[in-house]
Amino acid sequence: MSKTNCRILIVDDQEDILTAGRIFLKQHFSLVRTLINPQRLPELLQNEPYDVILLDMNYTAGATSSREGLELLQKILEIDPQAVVVMMTAYGDIDLAVQALKLGATDFVVKPWHNEKLLATMISAGKLRQSTSEVQHLRTKQRHLNQTLNEPGVELIGTSPAMQRVYQTLEKVAATDANVLILGENGTGKEVAARLLHRLSLRAKEVFIPVDLGAVTESLFESELFGHVKGSFTDAKEDRAGRFEVASGGTLFLDEIGNLSLPLQAKMLTALQSRVVTPVGSNRARPVNIRLVSATNLPLYEMVKQGRFRQDLLYRINTVEIQLPPLRERKEDIQPLAEHFLASFSKKYQKPNLRLEKPVLQKLMGYSWPGNIRELEHTMERAVIMSEPGQLHPSDVYLAEPSAYSSVTIENEATLGNVEKTLVQQALMKHNGNITHASKELGITRTALYRRIEKHGL
């Protein structure tokens with residue numbers, strides 16, 4: 001006989017009641033625990049979650065008022081407002097039953113119980129808990145979906161041969177559930193490509209959940225990705241679904257996956273292989289159904305040779321690989337991209353009739369765009385802000401001095417870390433230590449820049 005996957009806690013001050021309840025219910029449910037000292041109940045609930053609590057109403061010898069049970073019920077609901085509690089007493093007083101239900105109890109059984117009645121009550125309570133959890137999960141998922149739908153989208157723009165190859169690959173792989181790895185320099189539009197892949201896929205009506213792994217600390221990695229249960233750590237004030245679970249049915253986009261440490265890579269690999277996650281503080285694995293898209297600007301194959309990235313994880317995430325070209329290799333796309341950003345920011349800043357005249361275009365075409373599309377977007381936004389109404393001049397277009405980048409030369413003996421350190425140093429010096437401006441120029445988040453500053457001891 002298969003058991004229902006449900007965690008049950010029986011609270012009573014009589015050992016024979018606890019023993020009888022445990023022996024009977026463990027035949028039907030995956031886990032049954034007992035507690036004879038009700039004073040330990042709050043501590044126990046902080047450390048371990050239960051689906052249904054079978055709670056006695058009287059604990060003091062000779063007590064019949066049920067006051068203690070009602071007080072315990074209130075404490076339980078303070079700790080977990082979604083708790084499913086079934087009250088039990090030897091006195092079948094309907095008034096007490098009504099009072100307990102008004103306070104938040106789910107149901108009521110009378111001792112001595114009939115096994116069939118008790119089993120039916122507990123099964124019903126377990127289904128209620130499951131339904132409540134599913135509703136919470138759906139609400140979280142809907143919130144993420146609404147956030148995703150409300151985010152301003154940027155389309156992949158360009159007709160260059162390099163971009164045509166990207167479009168063709170995206171169209172071929174979109175209808176499958178194959179894991180996709182998107183490679184490219186910072187600012188080339190990796191997340192935009194991932195969102196387009198999602199919109200073209202069979203999961204388009206489901207959620208797209210992006211995760212910036214460069215901004216997730218090691219201590220919060222499991223909580224963010226796999227979720228946690230209430231009380232599993234100091235700030236865990238409620239159950240929270242992780243990104244894997246929220247993305248189930250849709251697409252999970254893991255940006256900056258190359259920044260994961262080896263221990264976190266191992267945890268990620270386990271989740272991707274098994275397609276199940278276990279929230280922090282729980283021992284119940286939860287299946288997930290995701291379409292995985294990953295991205296990085298780091299040389300993963302070189303990192304595998306250096307022992308800095310797991311080969312088995314690389315094989316797991318790159319069933320199909322897409323390389324996004326830098327803007328300097330697709331200069332014919334600069335004009336349509338600039339016109340797109342000009343139209344967008346003209347509307348945003350209420351400056352109509354701005355046009356991309358030839359002198360401005362020539363200035364844009366003559367630049368190497370080390371920050372790629374993201375740098376072009378910021379450049380056009382600034383140009384629109386600085387322009388006079390109806391006029392866009394070359395002087396409105398600010399471009400970084402070539403020396404800011406050309407001074408970085410990669411010799412044979414230079415390492416990727418040295419180049420990264422030099423770029424970070426130059427960006428910080430250029431912006432007088434302003435983290436926000438430096439991170440924008442480098443095309444990374446503020447958190448990611450702080451990590452690199454710490455990494456290189458700057």
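The structure displayed is predicted, hence computed values, not measured ones.
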Does Leu45 reach the side chain of Tyr50, with side-chain heavy atoms less than 4.5 Å apart? yes
Set of side-chain contact (heavy atoms from CB on, under 4.5 Å) partners for Pro161, sequence neighbours left out: Arg165, Glu332
Under 3.5 Å, is there a donor-acceptor pair between the side chain of Asn372 and the main chain of Arg374? no
Salt-bridge present (Arg284, Asp51; N to O < 4.0 Å): yes
Under 3.5 Å, is there a donor-acceptor pair between the side chain of Ser282 and the main chain of Thr278? no
Shortest non-hydrogen contact from Asn186 toward Ile444: ND2-CG2, 3.6 Å
Heavy-atom count around Met365 CE within 6.0 Å, excluding the residue itself: above 12? yes
Of the non-hydrogen atoms in Ala383 and Val397, which two are nearest, and what is the gap between them? CB-CG2, 4.1 Å
Passing option when Leu220 is tested against Glu222, Glu224, Glu218 for side-chain contact (heavy atoms from CB on, under 4.5 Å): Glu224
Min side-chain heavy-atom separation Pro394-Glu357 under 4.5 Å: no
Heavy-atom side-chain proximity of Phe244 to Ile209 below 4.5 angstrom: no
Rounded distance [0.5 Å steps], CD1 in Ile322 versus CD in Gln168: 11.5 Å
Is there a side-chain contact between Leu442 and Glu375 in this structure, where contact means two heavy atoms from C-beta onward sitting under 4.5 Å apart? no
Do Thr379 and Leu399 make a side-chain contact, defined as non-hydrogen atoms from C-beta onward lying under 4.5 Å apart? yes
Step by step, would you call Ile10 with Arg33 a side chain to side chain contact (heavy atoms under 4.5 Å, CB included)? CA-CA 6 Å; Ile10 309 173; Arg33 295 199 191 282; over 6 Å; no
Determine whether a donor-acceptor pair (N or O, by modelled atom type, separation under 3.5 Å) exists between the side chain of Ser346 and the backbone of Pro352. no
From the options Asp396, Leu337, Leu364, Val360, select the one residue that forms a side-chain contact (heavy atoms from CB on, under 4.5 Å) with Met380. Leu364
Parallel, tilted or perpendicular: ring planes of Phe208 versus Phe253, cut at 30 and 60 degrees: parallel
Which heavy atom of Ala193 sits nearest a heavy atom of Leu324, and at what distance? CB-CD1, 4.2 Å
Any pair counted as salt bridge (Lys or Arg N to Asp or Glu O under 4.0 Å), so long as it reaches residues 247-260, sequence neighbours left out: Glu256-Arg452
Measuring only between side-chain heavy atoms, which start at C-beta, is Arg240 closer than 4.5 Å to Val229? no
Value for CD (Gln306) from CD (Glu302), rounded to nearest 0.5 Å, stands at 5.0 Å
For Gln265, enumerate each residue passing the side chain to side chain donor-acceptor pair (under 3.5 Å) test, keeping only those at least two apart in sequence or located in another chain. none
Return yes when atom NZ of Lys363 has more than 12 non-hydrogen atoms of other residues, nucleotides or ligands closer than 6.0 Å, and no otherwise. yes
More than 12 heavy atoms from other groups under 6.0 Å of CZ on Arg40: no
Taking Arg275 for its side chain and Ile290 for its backbone only, find out whether a donor-acceptor pair lies under 3.5 Å. yes
Set out, in order, the CA-CA distance, both residues' side-chain angles and the distance that settles side chain to side chain contact (heavy atoms under 4.5 Å, CB included) for Val293 and Leu252, then state yes or no. CA-CA 6 Å; Val293 181; Leu252 180 65; over 6 Å; no
Checking the side chain of Ser387 only, and the main-chain atoms of Val384 only, is there a donor and an acceptor separated by less than 3.5 Å? yes
Please walk me through it: do Glu381 and Lys348 pass salt bridge (charged side-chain N to carboxylate O under 4.0 Å, His left out)? CA-CA 9 Å; Glu381 182 175 16; Lys348 178 179 179 180; 3.5 Å; yes
Can you list every salt bridge (Lys or Arg N to Asp or Glu O under 4.0 Å) pair that touches residues 177-190, not counting sequence neighbours? Asp177-Arg203, Glu185-Arg328
Begin from the C-alpha positions of Thr188 and Leu327 and carry the test side chain to side chain contact (heavy atoms under 4.5 Å, CB included) through to its verdict. CA-CA 7 Å; Thr188 50; Leu327 193 52; over 6 Å; no
Any donor-acceptor N/O pair, Thr4 side chain to Phe29 backbone, under 3.5 Å: no
Could you walk me through whether Ile334 and Trp369 pass the side chain to side chain contact (heavy atoms under 4.5 Å, CB included) check? CA-CA 10 Å; Ile334 291 177; Trp369 298 107; 3.6 Å; yes
Can you tell me which residue among Val180, Leu254, Ile182 is in a side-chain contact (heavy atoms from CB on, under 4.5 Å) with Ser294? Leu254
Closer than 3.5 angstrom, by distance alone: can the side chain of Ser344 be matched with the main-chain N or O of Phe341 as a donor-acceptor pair? no
Keeping His228 on the side-chain end and Ala241 on the backbone end, is there a donor-acceptor pair under 3.5 Å? no
Taking all heavy atoms of Gly214 and all of Asn259, pick out the closest pair and write down the distance. CA-ND2, 3.9 Å
Minimal heavy-atom distance between Ala338 and Leu356, with the atoms involved, is CB-CD2, 3.9 Å
Between atom CG of Leu313 and atom CG of Leu300, what is the distance when rounded to the nearest 0.5 Å? 8.5 Å
Answer yes or no: is there a donor N or O on one side and an acceptor on the other, between the side chain of Ser124 and the main chain of Ala120, under 3.5 Å? no
Any Lys/Arg nitrogen of Lys75 or Asp80 sitting under 4.0 Å from an Asp/Glu carboxylate oxygen of the other? no
Compute whether any side-chain donor of one residue and acceptor of the other, for Tyr315 and Gln311, lie under 3.5 angstrom apart. yes
CG/Leu298 to CD1/Ile257 distance, rounded to the nearest 0.5 angstrom? 11.0 Å
Sequence neighbours excluded, which residues qualify as side-chain contact (heavy atoms from CB on, under 4.5 Å) partners of Arg316? Asn179, Leu269, Leu272, Gln273
Can you find a pair of side-chain heavy atoms, one from Leu196 and one from Leu170, that are under 4.5 Å apart? yes
Could you tell me the separation between the CZ atom of Arg310 and the CE atom of Met268, rounded to the nearest 0.5 Å? 12.0 Å
Between CG on residue Leu35 and CG on residue Leu9, distance to nearest 0.5 Å: 6.0 Å
Distance-only side-chain donor-acceptor flag, Glu339 / Gln335, under 3.5 Å: yes
Minimum heavy-atom distance Glu206-Gly249, with the two atoms named: CG-O, 3.2 Å
Verify, without hydrogens or angle tests, whether Tyr167 (side chain) and Gly158 (backbone) share a donor-acceptor contact under 3.5 angstrom. yes
Is there a side-chain contact between Ile53 and Val84 in this structure, where contact means two heavy atoms from C-beta onward sitting under 4.5 Å apart? no
Sequence neighbours excluded - ring pair (Phe, Tyr, Trp, His ring centres under 6.0 Å) pairs with any residue from residues 293-312: none
Just by distance, with hydrogens left out, do Thr159 and Gln164 show a side-chain donor and acceptor under 3.5 Å apart? no
